[in-house]
Amino acid sequence: MNTNLCPFPVLFFLQVLTLCSGNYVQEHNAIRSMVDPPAANMKKLMYSRELESIAQQHASGCSFNHNDHRSRQSHVFSSVGENIFYGRKGDNITDAIEYWREQGDYYNIRTNECQLFKFCEYYTQVTWADSNYVGCGKSDCGENSFIVCNYASSITLNQRPYIPSRL
């Protein structure tokens, strides 16, 4: 079953932002503002209807894997990053964002390394300083949820997600 984030046509831009992006833009920005050590170059994320549309289309397919075509599907952004979350039916985008934030407990900005046998790439995408747009989608797939967030721009592997103001 598709759980569309923005089922109603909206005439005013501010209403689109409020009705469609929910709180997930603010939740991402809260995590980005609390990185430790603080970032010297962190941009504030803004809502992208196009990224949300690409994320929702992929989530609706219930494939539970990454969309390898997301950058080509964008008419605005040349580099689109993606986080995915596979959870229980009823999990929401906030649950996914919290899961990705928790990966930060295993990431060391000083060494730019993740603890052995841990996964930190979703955290580094959330805190990728050069990303300035986000759009997310969610679908209930049987007894599970599939949540996708797309970011412009994508991370570059093996690079720090942001410049620490101090090390």
For [X] and [Y], indicate whether the former's side chain and the latter's backbone hold a donor-acceptor pair under 3.5 Å.
X	Y	result
S71	V80	yes
S145	R88	yes
T127	R32	no
S48	L51	yes
Q56	K138	yes
S33	A30	yes
S139	C62	no

Smallest separation among heavy atoms of [X] and [Y], with atom names:
X	Y	answer
A55	N150	N-ND2, 3.3 Å
C141	A59	SG-O, 4.2 Å
R110	P37	NH1-CD, 4.0 Å

Quick check for you: to the nearest 0.5 Å, what is the distance between [X] atom [atom1] and [Y] atom [atom2]?
X	Y	atom1	atom2	value
M42	N29	CE	CG	9.5 Å
I97	Y123	CD1	OH	14.0 Å
Q73	D68	CD	CG	10.0 Å

Path from [X] to [Y] over hydrophobic side-chain contacts below 4.5 Å:
X	Y	result
F146	Y24	yes
Y151	I31	yes
V25	I54	no
L45	I147	yes
I84	I93	yes

> Can you list the residues that meet the ring pair (Phe, Tyr, Trp, His ring centres under 6.0 Å) rule with Y162, with sequence neighbours excluded?
Replying inline: none

Counting C-beta onward and ignoring hydrogens, is there a side-chain heavy-atom pair between [X] and [Y] closer than 4.5 Å?
X	Y	answer
E50	F77	yes
C136	E27	no
S131	H28	no
D130	K43	yes
E82	H58	yes

>> Which Ile, Leu, Val, Met, Phe, Trp or Tyr residues join L157 in one cluster when any pair of side-chain heavy atoms under 4.5 Å counts as a link?
In response: W128, I155

> After noting the C-alpha distance and the side-chain angles of Q57 and N67, does the key distance pass the side chain to side chain donor-acceptor pair (under 3.5 Å) rule?
Replying inline: CA-CA 10 Å; Q57 181 180 7; N67 175 2; over 6 Å; no

> For the side-chain contact (heavy atoms from CB on, under 4.5 Å) test, which of T124, V35, V126 pairs with P161?
Replying inline: T124

With a 3.5 Å cut-off and sequence neighbours excluded, list the donor-acceptor pairs that the side chains of residues 112-122 form with protein atoms.
from	atom 1	to	atom 2	distance (Å)
N112	OD1	Y107	OH	2.5
N112	ND2	N158	O	3.2
Y122	OH	H66	NE2	3.0

